[in-house]
Chemist: 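Here it is, the structure in full.
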Amino acid sequence: MKNDNHASHHVIVPVKTYVAVFVALLILTFLTVFVAQFDFGSFNLLVALIVAMVKASLVVMIFMGLKWNKSFDRFAFFACLIFLFIFFLLVFVDIPLRSYRGVEESQHINLKSPVKLIAPGEAPVHH
Amino acid sequence: MDTSLQTESLLHTGTTFFPEGVGPFASSMDSLFYFIFWGSVIIFVPLILVSIYFLIAYRRKRENQLATKQMTHSTFLELAWTVPPTILVLIVFVWGFKGFLHMSVAPLNSQEIHVSGKKWFWEFSYPNGNKGIGELVVPVDTPVTLLMTSEDVIHSFFVPNFRIKRDVLPNRYTKLWFEADKVGNYQVFCTEYCGDGHSAMLAVVRVLSAEDYEDWLAEANSGDDLPLDKLGEKLYTSKACATCHSTDGTSRVGPTWKSLFGSKKAFVGGGTATVDENYIHESIVNPGAKVVAGFDNVMPTYAGSLNDREISALIAYIKTLQ
Amino acid sequence: MSMLVNKPHHVAHHFASEAQEFESARLGMWVFLVQELLFFGALFVAYGIFRWWHPQMFIEAHHYLSWKMGAFNTVVLIASSFTMVMAIRSAQVNERKPLISYLLLTLLFAGVFLGVKYIEYMEKIHHGLLPGHFFSAQGVSEYLHLFFGIYFTMTGLHGLHILVGMGLLVWLLVRAIRGEFHSEFYTPLEMVGLYWHFVDLVWIFLFPLLYLIG
Amino acid sequence: MSQVALNYLNATKGLKSWFCTLDHKRIGIMYLICIAVAFGLGGFFALALRLELISPKEILFTAKQYNQLFTLHGAVMVFLFIVPSIPASLGNFLLPLQLGAKDVAFPRLNLTSWYVYVFGALFCVYSMVAGAVDTGWTFYTPYSIDSATSVISMTLGAFILGFSSILTGVNFIVTIHKMRAPGLTWFRLPLMVWALYATSIIQVLATPVLAITLLLLVLERTMGIGIFNPALGGDPVLFQHFFWFYSHPAVYIMILPAMGIMSELVTTFCRKDIFGYKMIAFSSLAIAIISFLVWGHHLFVSGQSDYAAMIFSLLTYLVAIPSAVKVFNWVATMYRGSIQIKAPFLYFLGFMFLFCIGGFTGVMLGALSLDVHLHDTYFVVAHFHYVMMGGTVMAFIGGLHYWWPKMFGRMYNETLALIAWAFVMLGFNMVFFTQFILGSKGMPRRYYSYLDQFQPLHAFSTVGSWVLAVGFILMAFYLIDSLLNGKKAPSNPWGAMTLEWQTQSPPITENFLETPVVTHGPYDFGMEKQS
Ligand code: HEA
Ligand code: HEA
Ligand code: CUA
Ligand SMILES: [Cu+2]
């Protein structure tokens, strides 16, 4: 059982690494909340996503061990992200580019909205 | 099938695969079809013939006979049957795309008609305020744009002779254009499944010559001179009541009109009533108010689509069906 | 003490070696996670579309969520991921007691997460901030109910995954107490660990996308 | 000889030994039985709906019942029959055998996936008795949100069946990666294995999207989350995107394993090494990957943006090329072979003929302008029956005949097989070739009633469905008969080279007496000459 195969797949990661990642994740969480206070206009989403992606990479590479796991697992995971991206991309080739001839964009004709409408200034009852 | 107007035959006109083409899209689309068709034949027939030849020439004659040659690749062959098909399909793509663009960009001078799909009939509203059900009247040689929306589920507006089709969606407008270059009556189908009456959701495009079209516009309020029950009979088909109601006693989506007047009806959720003028009036304007037991509440309201005289006419007609 | 004796693991009959068995399990888990990724991915696509359509509505809607609770839960989940890797590590170095305590801690964090989620849900229910048919609150945008449709679907499915994860953790605990995990065998720990981190991963995206729209 | 006496069928006895079995071969057989029942059920619905279409008037069913019939026909055929058909039954039986392994990587998961399948099937059956769905197999919103029929139980059924499919996919991927016999490198794998591998990729990547879509539909009906409901501000076309993101790749879930079977049949019955092994193997992968990029060709007239329509049309053509490559390679394989025309090979020929017609008409549908005219007409119905029935079902039946001796250790009646094949081919073309003409002439699909002028063609098509049914009933008869009275099959009746034929028929529980060591490619018929 102590063949080379075995050894290569059972990496024992030092506690230090795990703690470092843990701390980094906490800091990044703080950072997301913090940057959300500022308004970067349309970059808000981008900033939030970049931070989230950094956090995600830490979890995937260290906690889930893809950094040491050089087998097909790694390929499978990243290849799948490409499929997800394709899904996003092609749906977005449709919806934002549709032409609503004669009608204002995405204006609905017969919306049965359950929302009790109030004017923008008014405070809603909740909160 | 109840259609008031006889339409041009789809099956017996045109080419083997297509009904007679009317308007600007037919010729390019038909040639694309026959291009792919003959292209496929040219690939398919030799493919099958070669296979059959191999079957005969190399069939196993004794048990355990081995193949005479083991051949596993040939770069030339691989290229020969990858590259030409690729080129062929790219030609088809460009051709199809061009045709599609032609269909999606309507000429600026086109006449606009609103189309509304409802379960299970088509309603057309003309620029002058006229409304019609089941019958779209257009002048010949004039581009027409249909601005379409649905009141309930998705429908799809399809005129085989014009080679046009587009889904009609609730809460959104979609557009379709055509230019009929031949006078006649052309069949309209609903091609997006929309429930029980899907296959009865038909209509007719009446393409009139310029003079006839003028006449039609002039007598838009036709029916004034008809006696009430005759007008009712006309409305029965033209307003698409016939899709759901029969006059001979058979049950369609809705109850039959035979012996309706004066009969006693039980409703979903209890209650009964005897059918009189008021009841029929209510059934037409507010069909959901009393739903006849054994039927679903699917009849659309005709409030706004029928005027008082027309409702009276329908009542008069129903009275005659005893 | 018999409690502390490691139970030897027997390789299933159709595998040639322990390495083959372990790698198969791990590949299987990754392929399963890939499946999960597309499962949640589709929801993110829907989210993206509606956010693109109604940016103002999303901004309005996120004010009705409490970012403090969201942030707290993020920390809780990250902590649980950390205790999970530590649990696996303890098994790798044959430390039975830390293994059990780390598993217990993970379970505890999962419970806290669901507790906070429960408080949040109750509040939403109280205010009528619910998907379409049940929505009964006031708002500026007439599309507000859509946000809560998406919110409840995404967090609900995520919560369901946490719940399943807790079940798996209990199962691991029982086996750990029986002494089945040690440096020679800890495949189930590793597999549940992957699953658990994945659930954390989803939350890492859900948090900014739902609570922190600016 | 003890070797013949003991096999996986008689090694243990009793119902329990079947319902708790972990043996992939038994699980494959259990799937086979379920799938045959599903096919019979779907075929029964098909015959009923064809019967109604013999006349434009109401003869047997009301409009609503007709709509329920074609929905159930489509849903049963797709979710219960064709998606699991080849992978779960033949695939399960064969994969470890062809890999020289004792079992799949996760036998328990394998059994679970069968139970999940049965559970999902029960939901579907429940839905049939509790007010059969009438939405069409595509469940388009908003109709499916409003429909008063049992939509929820059917969608939940399909949802559960999806998980069964995912579990099978996961299992196969791991098995192919990790369980190959010593010496069995990737390019020594039989092409069936490549095909199953590509299929599994699609199953794992696409099915979850169907799952979430159906779940959202259930939530839409119960809670009104509104994403797909235009009345609440949602977008029905988004539903179609989601649905086809799964369902287009799903049509390749159906055809890829069928193509795998074709490669096996052509080599064995021509005694030839396959022509262009790598091209065929890679084209399977190419199809699997590109299939994710083309779903929008079902939405050309749905109101999606013109840009999307353009991209999807272009990509649709890219996916046709790898199919073309395979077809030509198979024909080339026949060149100078030693061709023996047995029942499985007849189905190979049937596949070639019918699938090409189906494929070429697919090319017509992929053309943007043409699809505007042809969409949702009987032309589409004919197209997909040519590829699904003429492609997948033909291959499935061919494969079933090919591996029948291996599975049950019995030979069937060759003459009856030939007659049944003739009936099936004749009947099939009668039913569906007519539908091409109907469709391009303008006859829309899902029509309960139609213009009188179409009646002769419809009636001809209905008569064809009876010829087809005769063929299938005959087939059911002689296959069942072979189990009882068939001749004992030798271990390698066709003289094939792949590993499953190197063990006894039927195989023992652990497949091989000793793990085989592979030293050459899967179709190395040239070797025989030297030895
Ligand atoms: C097994 C299932 C299967 C398979 C394999 C295919 C294969 C293909 N399909 Fe089909 N399809 C369906 C099942 C399938 N389809 C179903 C079920 C529907 C309708 C669902 C519904 O609405 O209910 C559908 C609908 C459908 C549509 C939508 C129609 C509409 O609703 O308007 C389109 C449009 O592009 C299409 C295209 C294609 C193409 C281009 C291929 C290609 O992959 C075909 C490739 C094969 C060949 C091309 C033949 C062999 C090649 C040669 C001999 C070489 C020479 C070739 C050339 C030069 C091109 N299909
Ligand atoms: C795998 C897929 C598959 C298969 C094999 C078939 C097979 C058949 N299909 Fe169908 N079909 C679909 C998938 C399939 N179909 C789908 C997805 C739709 C679209 C639904 C929708 O619009 O929503 C459709 C729609 C559809 C329509 C269009 C309905 C409409 O739009 O109104 C028609 C009409 O002719 C039809 C006919 C047939 C016929 C005659 C067969 C025949 O080939 C059937 C032959 C089979 C038999 C005759 C069974 C006999 C077998 C036995 C007796 C075996 C004995 C049993 C045991 C051993 C247990 N099908
Ligand atoms: Cu309206 Cu179909
Ligand atoms: Cu498709």
Side-chain angles (χ1 to χ4, degrees), chain A residues 1 3 5-6 9-10 12-13 15 18-19 21-22 25-26 29-30 32-33 36-40 44-45 48-49 51-52 55-56 59-60 62-65 69 71-73 76-77 79-81 83-84 87-88 91-92 95-96 106 111 113-120 122 124-127, chain C residues 17-19 22-23 26-27 30-31 33-34 37-38 41-42 44-45 48-49 51-53 63-64 67 71 74-75 78-79 81-82 84-86 89 92-93 127-129 132-145 184 193-194 197-198 200-201 204-205 207-209 212-214:
Chain A
M1 223 160 290
N3 53 27
N5 231 348
H6 186 75
H9 291 114
H10 293 237
I12 298 181
V13 182
V15 180
Y18 283 148
V19 173
V21 170
F22 179 46
L25 286 172
L26 291 181
T29 305
F30 175 76
T32 354
V33 177
Q37 318 295 315
F38 305 102
D39 194 3
F40 302 106
N44 279 337
L45 184 62
L49 280 181
V51 178
K55 285 166 79 179
V59 172
V60 171
I62 313 287
F63 281 180
M64 298 171 91
N69 181 351
S71 66
F72 181 73
D73 306 0
F77 186 75
C80 149
L81 289 180
F83 280 93
L84 194 54
F87 191 7
F88 256 97
V91 172
F92 270 86
I95 285 168
S106 79
L111 187 69
S113 167
V115 182
K116 302 190 188 71
L117 285 185
I118 52 174
E122 271 172 69
V125 174
H126 41 90
H127 272 256
Chain C
S17 69
E18 207 245 83
F22 174 79
E23 282 173 26
R26 196 176 58 185
L27 177 59
W30 274 105
V31 176
L33 291 185
V34 156
L37 195 65
L38 273 132
F44 281 101
V45 172
I49 290 297
R51 180 154 177 189
W52 189 87
W53 254 326
H63 288 303
Y64 304 139
W67 68 265
T74 312
V75 172
I78 291 175
S81 262
F82 174 70
M84 190 72 218
V85 281
M86 290 307 291
R89 197 181 180 282
Q92 284 173 329
V93 295
H127 290 304
L129 290 163
H133 292 333
F134 303 108
F135 191 95
S136 61
Q138 293 183 326
V140 178
S141 165
E142 52 184 338
Y143 297 104
L144 204 54
H145 58 285
E184 298 297 310
L194 287 176
H197 300 311
F198 178 80
D200 186 13
L201 211 66
I204 285 178
F205 284 92
F207 171 57
L209 289 180
L212 300 177
I213 303 161

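In what follows, chains carry the letters A, B, and so on, assigned in the order in which the sequence lines appear, proteins first and then strands, with residues in each chain numbered from 1. Because only heavy atoms are used, hydrogens play no part in the values below, and waters and symmetry mates are left out as well, while side chains stay in.
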Chemist: Return the option, out of F207(C), F198(C), F205(C), F44(C), with the maximum number of heavy-atom pairs under 4.5 Å with chain A.
Modeler: F205(C)

Chemist: Taking side chain as C-beta onward, heavy atoms only, is C80(A) less than 4.5 Å from L38(C)?
Modeler: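 Yes, their side chains come closer than 4.5 Å.
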
Chemist: About how many Å separate CZ of F82(C) and OH of Y18(A), when rounded to the nearest 0.5 Å?
Modeler: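 Reported value, rounded in 0.5 Å steps: 9.5 Å.
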
Chemist: Side chain, backbone, both or neither: which part of F134(C) has a heavy atom under 4.5 Å from chain A?
Modeler: neither

Chemist: Please state whether the side chain, the backbone, both or neither of V51(A) comes within less than 4.5 Å of a heavy atom of chain C.
Modeler: neither

Chemist: Among T29(A), V15(A), L25(A), which has the most heavy-atom pairs under 4.5 Å with chain C?
Modeler: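 Option with the greatest count: V15(A).
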
Chemist: Kindly compute the distance separating CD1 (I49(C)) from CZ (F88(A)), expressed to the nearest 0.5 Å.
Modeler: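 With rounding to 0.5 Å, CD1 (I49(C)) is 8.0 Å from CZ (F88(A)).
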
Chemist: State, yes or no, whether a side-chain contact exists between L45(A) and I213(C) at a heavy-atom distance under 4.5 Å.
Modeler: no

Chemist: Do the side chains of S113(A) and Y143(C) get nearer than 4.5 Å, heavy atoms only?
Modeler: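 Of all side-chain heavy-atom pairs linking S113(A) with Y143(C), none is under 4.5 Å.
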
Chemist: Nearest heavy-atom pair of L194(C) and M64(A): which atoms, and what distance?
Modeler: O-CE, 3.4 Å

Chemist: Taking atom OG of S81(C) and atom CD1 of I62(A), what is their separation to the nearest 0.5 Å?
Modeler: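 One finds 13.0 Å between OG of S81(C) and CD1 of I62(A).
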
Chemist: Do V75(C) and L26(A) come within less than 4.5 Å of each other through their side chains, counting heavy atoms only?
Modeler: yes

Chemist: Shorter than 4.5 Å, heavy atoms on both sides: which option in H197(C), M84(C), M86(C) has the most such pairs with chain A?
Modeler: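 Looking at each option in turn, the highest pair count goes to H197(C).
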
Chemist: Using 0.5 Å steps for rounding, measure from the CZ atom of F63(A) to the CG atom of D200(C).
Modeler: 8.0 Å

Chemist: Taking it one step at a time, do L144(C) and K116(A) satisfy side chain to side chain contact (heavy atoms under 4.5 Å, CB included)?
Modeler: CA-CA 10 Å; L144(C) 204 54; K116(A) 302 190 188 71; over 6 Å; no

Chemist: I need the E23(C) CD to D73(A) CG distance, nearest 0.5 Å.
Modeler: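 It comes to 8.5 Å.
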
Chemist: Report the distance from atom CD1 of I78(C) to atom CZ of F22(A), rounding to the nearest 0.5 Å.
Modeler: 7.5 Å

Chemist: So what's closer than 4.5 Å to chain A heavy atoms on S136(C): side chain, backbone, both or neither?
Modeler: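 Its backbone and side chain both get close to chain A.
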
Chemist: Who wins among F72(A), F87(A), F30(A), F92(A) for the most heavy-atom pairs under 4.5 Å with chain C?
Modeler: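 The option with the most such pairs is F92(A).
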
Chemist: Is it the side chain or the backbone of V31(C) that comes within 4.5 Å of chain A heavy atoms, both, or neither?
Modeler: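 No part of V31(C) comes within 4.5 Å of chain A.
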
Chemist: Could you tell me which residues satisfy ring-ring contact (aromatic ring centres under 6.0 Å, His included) with F135(C), sequence neighbours excluded, listed by chain and number?
Modeler: none

Chemist: Which answer fits V21(A), side chain, backbone, both or neither, if we ask what part of it has an atom under 4.5 Å from a heavy atom of chain C?
Modeler: neither

